[in-house]
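Heads up: the structure comes next, in structure tokens.
Residue numbering restarts at 1 for every chain, and letters A, B, ... go by the order of the sequence lines. This one's a predicted model, so the numbers in the text were calculated from it and none came from an experiment.
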2 protein chains.
Amino acid sequence: MLPLSQTTGYALRAMRCLQEPGGQPVLVESVADYTGIPRSYLSKLVHKLAKKGLVTARRGHHGGVVLAKPSAEITLEDLSEAIDGVAWRKRCLMGLAGCTEETPCVLHDYWKQTLQEILVRLRSVTLADMARHQDPGVERFRADHGFLTTVEAERDHAHA
Amino acid sequence: MLPLSQTTGYALRAMRCLQEPGGQPVLVESVADYTGIPRSYLSKLVHKLAKKGLVTARRGHHGGVVLAKPSAEITLEDLSEAIDGVAWRKRCLMGLAGCTEETPCVLHDYWKQTLQEILVRLRSVTLADMARHQDPGVERFRADHGFLTTVEAERDHAHA
DNA sequence: ATCAATGAGGATCCGTCGGTAATCTAACGA
DNA sequence: TCGTTAGATTACCGACGGATCCTCATTGAT
């Protein structure tokens, strides 16, 4: 189990297709089409994210999904935690049940530190930071839906 | 999928119960009893390790399992590779199919480096190094089967 | 009130991994 | 040669993550 599951990857890509809070809702179907994430699976995923307070979904006419918080306030850790939970952080790297601080396995200290670095990283990267991320499906979606391009976003940011 | 699967952990613990090449064969059943690894499962695991040339198994009277190479020459990477293969090293951390050096995901470079550190570590730790590892079942096994204790092994090593 | 749009949710399928049990077969000793 | 002692092999089970299909429930427009 790598730190991020495939599903968390899905969540990340999907959320990059959503507008900031108050913006126009986006259809699950539309996101699925562009990203290649299976529709039904994405639907459940979105629901999960909604329960965790990361997105807001509304059904019926003109329904869709929007970010529940500014993208700059959503970290990778939020996504990881919402989808994969935190159990993996506590397991011994070798699956040894008796591996504790007192009776550590050979990789215990090493893994403890690596884990710490991973967490720091997950916390430091926000959804907004992902703009620099190259993802064909997502880029096409954003272009087709009038998102600012990475360059424009950078310029706006510089102005502010 | 963490770098090491539970089964690789099993392999590691089991192999710490085996004698150096030429030594007395140990029964799969015995190893299973001490370590708590399911017998049948361990049997298959041992067979896999034998095919990879890490252990030698002989059946029939006075049969059993022995290390095929000195424990100092068996690295964690050998075990990991034998059991889990190398596919996980190549996958994008977020499961993005299109993540390459040219179109990297946000975590690409970070993961690349982390992976490198993990590999260095897996290569640098040998089965012999594991002597310092605390594992109740394994320690009991070694004590009952006349292995040198960690302290004695250290002293021997210092003499040589 | 009704209808169409749209997310929610249940049932189910598939592949992998960990695990069990029964049986087959090689090796040795008497 | 025959029986015992091992590992080898096969079949199968259950859980879990990913994925699909189909139906239900809510919402807004008319």
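At distances below 3.5 Å, not a single donor-acceptor pair connects side-chain atoms of A:Asp33 with backbone N or O atoms of A:Ser30. In this structure, A:Arg13 contributes its side chain and A:Gly36 its backbone to no donor-acceptor pair below 3.5 Å. Between the side chain of A:Thr35 and the backbone N or O of A:Val31 there is at least one donor-acceptor pair closer than 3.5 Å. The closest donor-acceptor contact from the side chain of B:Glu77 to the backbone of B:Leu119 lies at 3.5 Å or more, if one exists at all.
Going from atom CG of B:Leu4 over to atom P of C:dC17 covers 15 Å, rounded to whole Å. If you take CD1 of A:Ile83 and C1' of D:dA19, they are 15 Å apart, rounded to a whole angstrom. What separates CG of A:Leu45 from C1' of C:dG9 is a distance of 15 Å, to the nearest Å. D:dC16 atom C1' lies 13 Å from atom CZ of A:Arg91, rounded to whole Å. The nearest whole Å value for the distance from the CD atom in A:Glu29 to the C1' atom in C:dA4 is 14 Å. Between the OH atom of B:Tyr10 and the C1' atom of C:dG18 there is a distance of 7 Å, rounded to whole Å. As a whole-Å value, the separation of A:Gln24 CD from C:dA5 P is 17 Å. For the pair B:Lys51 NZ and D:dG7 C1', the computed distance is 14 Å after rounding to whole Å.
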Which parts of nucleotides 20-30 of chain C does protein reach within less than 4.0 Å, heavy atoms only, written one letter per nucleotide 5' to 3' as B for base, S for sugar-phosphate only and - for none?
BB---BBBBS-

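Contact check on A:Glu81 versus A:Arg123 returns no salt bridge, with no Lys/Arg side-chain nitrogen under 4.0 Å from an Asp/Glu carboxylate oxygen. The pair A:Lys112-A:Glu101 counts as a salt bridge, with a side-chain nitrogen and a carboxylate oxygen less than 4.0 angstrom apart.
Residues B:Tyr110 and A:Val125 have side chains not in contact (no heavy-atom distance under 4.5 Å, counting atoms from C-beta outward).
Checked against C:dG18, D:dT9, D:dG18, the side chain of B:His47 finds its nearest nucleotide in D:dT9. Of the candidates C:dT6, D:dG18, D:dG7, D:dG7 carries the atom nearest the B:Leu27 side chain, counting heavy atoms from C-beta on. Comparing C:dG7, D:dG18, D:dA8 by their closest approach to the side chain of A:Val65 singles out C:dG7.
Residue B:Ser43 places none of its side-chain N or O atoms closer than 4.0 Å to OP1 or OP2 of D:dG7.
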